[in-house]
Amino acid sequence: MNFSEEILKWYQVNKRSLPWRGSTDPYKIWLSEVILQQTRVVQGIPYYLKFVETYPEVGDLARASEAEVLKLWQGLGYYSRARNLHAAAKMVSEQYGGVFPETYGGLLGLKGVGDYTASAIASICFNVPEPVVDGNVYRVLARYFGVDLAINSTEGVKYFKKLAREVMDVGRIRDYNQGIMEFGAIQCVPKSPDCEACPLSESCVALQMKRVGDLPLKLKKTKVRSRYFNYIVFVSKDGRTVLEQRKGKGIWENLWQFPLIESTQKLSQSGFERRFGELNQTVDLVSIDLFNPEAIVHKLSHQHLYTSFWVVRTKEFPMDGISFEEADTYPVPVLIADFLRSFKKSYF
DNA sequence: AAGCCGGGGGA
DNA sequence: TCCCCAGGCTT
């Protein structure tokens with residue numbers, strides 16, 4: 001048996017039962033694929049179930065507001081996926097009459113659908129012979145064929161795509177593509193794979209060369225940036241607060257948060273009061289208290305956010321405040337959601 | 001080509 | 001602590 005035959009045989013026996021498995025409905029496959037971009041299956045499943053229940057068809061998603069979609073996406077990260085998901089749903093509804101394109105190129109034109117996702121939808125839904133190359137496939141191919149190119153280099157990307165195309169099973173592309181990804185996720189795992197139990201071990205180059213531990217190769221990641229966030233948690237006499245929407249580029253675009261003062265280092269009480277004063281607030285101050293004396297460190301893959309929540313009590317609100325219950329209906333970063341939970345526990 | 005974009009889980 | 005996850009977009 002050759003490579004693809006082994007993969008297909010292994011898949012037949014070992015495939016997991018997943019909510020979207022077996023479906024060829026492009027809406028459901030597209031939804032699952034976007035949710036699973038850079039996301040573990042176990043983390044994505046509850047979101048997939050929420051989305052198909054809330055929006056049974058692409059038109060339902062298209063008719064929702066972006067804020068509603070972001071709220072359902074809250075906690076999953078990479079929020080551009082949610083914004084693009086919503087935009088793509090509108091494209092399908094308005095430009096394609098609610099019917100997904102059935103070609104690789106057509107799918108690639110949808111927002112948030114790149115090479116991988118277009119290949120996945122085209123092959124799984126329409127049996128289009130396009131190879132998928134995700135993180136699992138890179139690992140399986142790099143090890144089995146002993147490829148020394150970095151998977152995130154331009155040359156590596158081209159090489160692996162070509163190799164994937166050469167070894168795929170054109171006639172059974174639907175199962176083969178899902179099979180090689182499943183094989184990477186279950187058998188050929190990143191760390192300490194059980195090669196003794198692997199049906200492909202005899203012909204695996206990395207195993208014979210004792211290089212399973214250092215393949216696939218990957219170029220160094222970007223370094224983390226440290227930032228200091230000071231959130232202004234207004235609390236008026238009638239228990240209302242203020243949220244504002246993040247605009248422009250950067251993390252959490254279009255999500256909501258408390259008014260923010262960013263500093264280059266941790267602010268003291270007087271330091272915060274000075275920066276707060278510079279905002280030219282016209283509120284009637286009662287008190288300013290630091291909620292968390294020790295900064296909350298919110299760690300993202302590329303930023304460490306050292307965060308202080310300053311509780312600013314006021315008399316009346318000239319601006320349009322909201323209640324803390326209402327705050328829970330806004331799409332917010334996990335950092336804010338966590339604070340809201342602990343704040344309400346200690347103050348109410 | 002390189003940087004940016006989240007959050008969580010495993011070792 | 002580091003690495004990875006059914007990647008894509010922007011510059």
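Proteins get letters first, then strands, A, B, ... in listed order; numbering begins at 1 in each.
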Requested in this report: Name the pairing partner of B/dG6, where a pair is Watson-Crick or G-U wobble with both distances under 3.5 Å, or state none.
Outcome: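 Base-paired to nothing in any strand shown.
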Taking only side-chain nitrogens and oxygens of [X], does any of them come within less than 4.0 Å of OP1 or OP2 of [N]?
X	N	value
A/His302	B/dC5	yes
A/His298	B/dG7	yes
A/Trp73	B/dG7	no

Query raised in the report: What integer number of Å spans the P atoms of C/dA6 and B/dC4?
Result: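 Result for the P pair: 24 Å, nearest Å.
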Query raised in the report: What interatomic distance, in whole Å, is found between C1' of C/dC9 and the corresponding atom of B/dG8?
Result: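 It works out to 23 Å between them.
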Query raised in the report: If you find the nucleotide of DNA chain B closest to A/Gln43 and the one closest to A/Lys223, which residue's nucleotide is nearer the 5' end?
Result: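 Mapping each residue to its closest nucleotide by heavy atoms, the 5'-most match is A/Lys223.
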Between [N] atom [atom2] and [X] atom [atom1], what is the distance in whole Å?
X	N	atom1	atom2	value
A/Gln74	B/dG6	CD	C1'	12 Å
A/Gln37	B/dG7	CD	P	16 Å
A/Gln38	B/dC4	CD	C1'	12 Å
A/Ile45	B/dG9	CD1	C1'	15 Å
A/Leu300	B/dG8	CG	P	10 Å
A/Arg227	B/dG6	CZ	P	11 Å
A/Asn152	B/dC5	CG	C1'	16 Å
A/Ile251	B/dG3	CD1	P	18 Å

How would you label the contact of [X] with the nucleic acid (heavy atoms, under 4.0 Å): base, sugar-phosphate, or nothing?
X	result
A/Gly44	nothing
A/Ser153	nothing
A/Asn177	nothing
A/Arg21	base
A/Leu76	base
A/Gln303	sugar-phosphate
A/Ser80	nothing
A/Gly75	sugar-phosphate
A/Leu18	base

Can you confirm whether or not the ring centre of [X] sits under 6.0 Å from the ring centre of [Y]?
X	Y	result
A/Phe258	A/Phe234	no
A/Phe291	A/Phe339	yes
A/Trp20	A/Tyr48	yes
A/Phe343	A/Phe324	yes
A/Phe100	A/Trp30	yes

Requested in this report: Mark yes or no for whether A/Arg83, through its side chain, and A/Glu66, through its backbone, hold a donor-acceptor pair below 3.5 Å.
Outcome: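 The answer is no, because no donor-acceptor pair under 3.5 Å joins these two groups.
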Query - Segment of DNA chain C, first to last nucleotide, that comes within the 4.0 Å heavy-atom reach of chain A - result: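 Under 4.0 Å from chain A, the extent on DNA chain C is C/dT1 to C/dC9.
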**Report entry** Test item: side-chain donor near acceptor, A/Asp238 and A/Ser236, under 3.5 Å
**Finding:**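 Side chains of A/Asp238 and A/Ser236: pair found under 3.5 Å.
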Query - A/Leu108 side chain reached by A/Thr117 side chain, heavy atoms, under 4.5 Å - result: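 No, every pair of side-chain atoms sits at 4.5 Å or beyond.
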Requested in this report: Just say parallel, tilted or perpendicular for the rings of A/Phe276 and A/Phe272, cut-offs at 30° and 60°.
Outcome: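 A/Phe276 vs A/Phe272 ring planes: parallel.
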Query raised in the report: Where each residue is assigned the nucleotide of DNA chain C containing its nearest heavy atom, which of A/Lys249 and A/Lys191 is assigned the position nearer the 5′ end?
Result: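 The residue closer to the strand's 5' end, by nearest nucleotide, is A/Lys191.
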Query raised in the report: Between A/Val41 and A/Leu108, which has a closest nucleotide on DNA chain C that is more 5'?
Result: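 Looking at the nearest nucleotide for each, A/Val41 comes out on the 5' side.
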